[in-house]
Amino acid sequence: MLSAKQQWCPRCQRHVQTEQKQSSIGRQKKLVRIIITCFKCRTTLSSKTTSAAALEQNEDAKTEE
């Protein structure tokens, strides 16, 4: 899943479009790593690891709104 948002990039010194990538981790694919990068310079702005079940619940809540 890719989504574009505005975030501050310390390398570019301005607000830039970001790209969000998700990848499954582990043999059972129970964990998901979410990496947000600057669209212009490809610097990693944030990285988070969460459970796949929690991520799925969060996405379901967003679609119901």
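Side-chain atoms are counted along with the backbone in the values below, which use heavy atoms only and exclude waters and symmetry mates.
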* To do: Flag yes if more than 12 heavy atoms outside Q28 fall under 6.0 Å of its CD atom; otherwise flag no.
  => no
Can you give me every donor-acceptor pair (side chain of residues 35-52, partner residue at least two apart or in another chain, under 3.5 Å) with its distance?
from: R42; atom 1: NH1; to: E19; atom 2: OE1; distance (Å): 2.6
from: S51; atom 1: OG; to: A54; atom 2: N; distance (Å): 3.2

* **Of all pairs that satisfy ring-ring contact (aromatic ring centres under 6.0 Å, His included), the ones with a partner from residues 6-36, not counting sequence neighbours** => W8-H15
